[in-house]
Amino acid sequence: MAQSVSLSSAGTAAMFLNPVAKSTTVLLTIPSSGVASIEMSLDDPSIPGGPAVTWALLSSAAIISSNQTPLNLVYTVLSPIGGVRINCSSNATGGTYTLKALQSVTA
């Protein structure tokens, strides 16, 4: 079953995933105007006393949408990850960013 989070203003929205899944497909839907990035973490937040979660860009650059229709971006990570999040620095139209993740136990 896919997990999802939404964000309707500047800020972050995170979801923690199964850190032993072999692959994760991530879909980001962004409104007609705004700046956002998808970040991932390799850390497992379920380990008591474990390290603080560290976030890094999933893609190589910020995602900018300037057209009048929603933009859908899909990434597949072929290694275990502990979490993904939307990091939105600007939401000019006030639309809703939606991030979905689907994991597989086989590669």
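Just so it is clear, the values below take in all heavy atoms, side chains as well, and ignore hydrogens, waters and symmetry mates. Treat the numbers as computed from the prediction; the structure is a model and nothing was measured.
- For Ser41, there are no side-chain hydrogen bond (donor to acceptor under 3.5 Å, both in side chains) partners two or more places apart in sequence or in a different chain.
- Val74 pairs by the side chain to side chain contact (heavy atoms under 4.5 Å, CB included) definition with Thr25, Leu27, not counting sequence neighbours.
- One hydrophobic cluster, built from ILVMFWY side chains closer than 4.5 Å, holds both Ile86 and Leu71.
- The backbone N or O of Ser37 sits nowhere less than 3.5 Å from a side-chain atom of Asn87 that would complete a donor-acceptor pair.
- Ser23 contributes atom OG, which lies 8.0 Å from atom CG of Leu102 (distance to the nearest 0.5 angstrom).
- Sequence neighbours left out, the pairs with a member in residues 30-41 that pass salt bridge (Lys or Arg N to Asp or Glu O under 4.0 Å) are Glu39-Arg85.
- Ser6 meets the side chain to side chain contact (heavy atoms under 4.5 Å, CB included) test with Thr96, Thr98; sequence neighbours excluded.
- Note: Gln3 CD to Gln103 CD = 6.5 Å, rounded to the nearest 0.5 Å.
- Within the structure, salt bridge (Lys or Arg N to Asp or Glu O under 4.0 Å) contacts touching residues 71-81 (residues at least two apart or in different chains) do not occur.
- Note: the hydrophobic cluster containing Val5 also contains Leu58 (ILVMFWY, side chain heavy atoms under 4.5 Å, direct or indirect links).
- No chain of hydrophobic side-chain contacts below 4.5 Å, direct or via other Ile, Leu, Val, Met, Phe, Trp or Tyr residues, connects Trp55 to Leu17.
- Tracing side-chain contacts under 4.5 Å through hydrophobic residues (I, L, V, M, F, W, Y), one never reaches Tyr75 starting from Phe16; they form parts of separate clusters.
- Counting only N and O atoms by type, the side chains of Asn72 and Thr29 include a donor and acceptor under 3.5 Å apart.
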side-chain contact (heavy atoms from CB on, under 4.5 Å) between Ile38 and Leu57, intermediate numbers included: CA-CA 6 Å; Ile38 303 172; Leu57 282 175; over 6 Å; no

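- One hydrophobic cluster, built from ILVMFWY side chains closer than 4.5 Å, holds both Leu42 and Met15.
- Counting all heavy atoms, side chain and backbone alike, Pro19 lies closest to Gly82 at CB-CA, 4.3 Å.
- Closest non-hydrogen pair, Ala101 versus Thr24, comes out as CB-CG2, 4.2 Å.
- With rounding to the nearest 0.5 Å, the separation of CG in Leu99 from CG in Leu7 is 10.0 Å.
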